[in-house]
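Accompanying notes for the structure given below.
In what follows, chains carry the letters A, B, and so on, assigned in the order in which the sequence lines appear, proteins first and then strands, with residues in each chain numbered from 1. Keep in mind that what you see is a predicted model, and the values were worked out from it rather than measured.
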Protein chains: 2
Amino acid sequence: MGCYPCRVSFLERKRQLVKDELSHVAAQLIARNGYEETTVEQIVEAAGVSRRTFFRYFRSKEDVIVEVLTAVGEHAESVIDGRPADEAPALSVRHALMELTVHYRGFPEKALALSKLIIGTPALRARYLDRQFQWRQSVAARLQARSGTDPVRAALIAGVAFTALDVALAAWVASDGAADLSDLVQRTLDLAKIDEL
Amino acid sequence: MGCYPCRVSFLERKRQLVKDELSHVAAQLIARNGYEETTVEQIVEAAGVSRRTFFRYFRSKEDVIVEVLTAVGEHAESVIDGRPADEAPALSVRHALMELTVHYRGFPEKALALSKLIIGTPALRARYLDRQFQWRQSVAARLQARSGTDPVRAALIAGVAFTALDVALAAWVASDGAADLSDLVQRTLDLAKIDEL
DNA sequence: GCAGTCCTTGACACTCAGTGCCAAAAGATG
DNA sequence: CATCTTTTGGCACTGAGTGTCAAGGACTGC
């Protein structure tokens, strides 16, 4: 807080640097050799930090992969809060999901590789689905609090939205990134008739 | 196969006995002391078998809890196959889910306790959601193979169905088992307008 | 009943994920 | 420069999960 030109402290920037390095190295090693075959030992050795430090930045080995996508998901929650309170729940959710795909566009090849990896690795898939479950609950709670929607209906809208995202994402991965993700999500949401819930 | 009165071999029955015992003891210990706090060591000690044997019956500590429900889920797959090929996909899925709730009625208090445990324990919840993901894929594939449904539509129907089940199950748990699960699932499926997909 | 075969079990050793603890190093602050 | 805080590394430990092998029952043919 002492130096004016620095928005964030030196330590904080260093922390982010180490975290990014670990994340990057892990993604590379795991993409090449497989998830189960890659040990935390190998990751920290390549990143130049101790094993103990790894677990200070990531709660588990799974998190080093999944957290990249979950950061995007948490952003979706704030999008919901930013929408007008009298907007139809389905429309707010649609905007949130669109925001999500926009983030994916930022690093399409990396997002595709990570998605493939997560879908194809049981341990990572389980963690990811659990994170998604938490988003669902969070989004449902926000919808409910905002416009007094019926709890079951709110949970259903959130659930169907993420299911549509799942299906669209699977189709995107199946097309090997050739299809447009935003279009895919839009069309899947329409197919799910989310606006009529 | 030598003895006529025995439908299944001695060994097979013994295997089932050991598995049931492990499953029962584990559920009891974990319900009392919590999932993380209960070690496999404690479970096998109470069941009177070796630690190694535990992992011959269950792939992981999570499986000893989750597998009870997944056995029910796998049955749902065969229900789909048993439905007439020209039936509307949504209706077949509805029947499969109904079959599932019927199984839950068989041991309501145990199903409730297990559901609570799984929903409240991240590790178990993640495994359960992954199993559900597999059912979804399996059901979607069957729907697609059966009546040549569009892949995306098949995946969506299966996904929405399981999401509705999730929501209904959450409401059931929230009501502490007071509500009727079958009704809850039916109404949630209606709310999701699954017949119109 | 008896030898041979198959399956199950227990015991040991091992790898690896994850955690608690403490001392040293590095950055922040006066 | 001295001090305080934060980060780091090293160590030891628990617990999940796996490979291996020898011993103990159960099923076969004789």
Using distance only, find each side-chain donor-acceptor pair of residues 47-55 of chain B under 3.5 Å and give its atom names and separation, not counting sequence neighbours.
unit_1	atom_1	unit_2	atom_2	d
B:Ser50	OG	B:Thr53	N	3.3
B:Ser50	OG	B:Thr53	OG1	3.0

Open item on the list: What is the distance, to the nearest angstrom, from the CZ atom on A:Arg15 to the P atom on D:dT5?
Closed with: 18 Å

Open item on the list: Filter on salt bridge (Lys or Arg N to Asp or Glu O under 4.0 Å), then keep only pairs touching residues 125-146 of chain B, sequence neighbours left out; what's left?
Closed with: A:Arg125-B:Asp130, A:Asp130-B:Arg125, A:Asp166-B:Arg136, B:Glu62-B:Arg127, B:Asp63-B:Arg131, B:Glu77-B:Arg142, B:Asp81-B:Arg142

Open item on the list: Tell me the interatomic distance from B:Arg13, atom CZ, to D:dC27, atom P, rounded to whole angstroms.
Closed with: 9 Å

- [ ] Let me know the distance between CG of B:Leu17 and P of D:dG25, rounded to the nearest Å.
- [x] 17 Å

TODO: Mind calculating the distance between CG (A:Leu22) and C1' (D:dT8) to the nearest angstrom?
DONE: 13 Å

Task: Under 4.0 angstrom between A:Ser50 side-chain N/O and D:dG10 OP1 or OP2 - done: no

- [ ] Take atom CD of A:Glu37 and atom P of C:dA17, then tell me their distance rounded to the nearest Å.
- [x] 12 Å

Just list the side-chain donor-acceptor pairs under 3.5 Å for residues 15-33 of chain A, sequence neighbours left out, or say none.
unit_1	atom_1	unit_2	atom_2	d
A:Gln16	NE2	A:Asp20	OD1	3.1
A:Lys19	NZ	A:Glu67	OE1	3.0

TODO: Report the residues that fulfil side-chain hydrogen bond (donor to acceptor under 3.5 Å, both in side chains) with B:Ser182, sequence neighbours left out, ordered by chain and then residue number.
DONE: B:Thr101, B:Arg105

Task: hydrophobic_cluster_shared for A:Leu129 and A:Val66, side chain cutoff 4.5 Å - done: no

- [ ] Grab the CD-C1' distance between B:Glu45 and C:dA11 for me, whole Å please.
- [x] 16 Å

Task: Phosphate OP1/OP2 of C:dT8: any B:Tyr57 side-chain N/O under 4.0 Å - done: no

Open item on the list: In this structure, how many angstroms lie between the C1' atom of D:dG15 and the OH atom of B:Tyr35, rounded?
Closed with: 11 Å

TODO: Mind calculating the distance between CD (A:Glu12) and C1' (D:dT5) to the nearest angstrom?
DONE: 15 Å

TODO: Any chance you could list the contact pattern along nucleotides 18-26 of chain C? Use B for base contacts, S for sugar-phosphate-only contacts and - for none, protein heavy atoms under 4.0 Å, 5' to 3'.
DONE: BBBB-----

Task: Within residues 108-120 of chain A or reaching into it, pairs that qualify as side chain to side chain donor-acceptor pair (under 3.5 Å) - sequence neighbours excluded - done: A:Lys116-A:Asp176

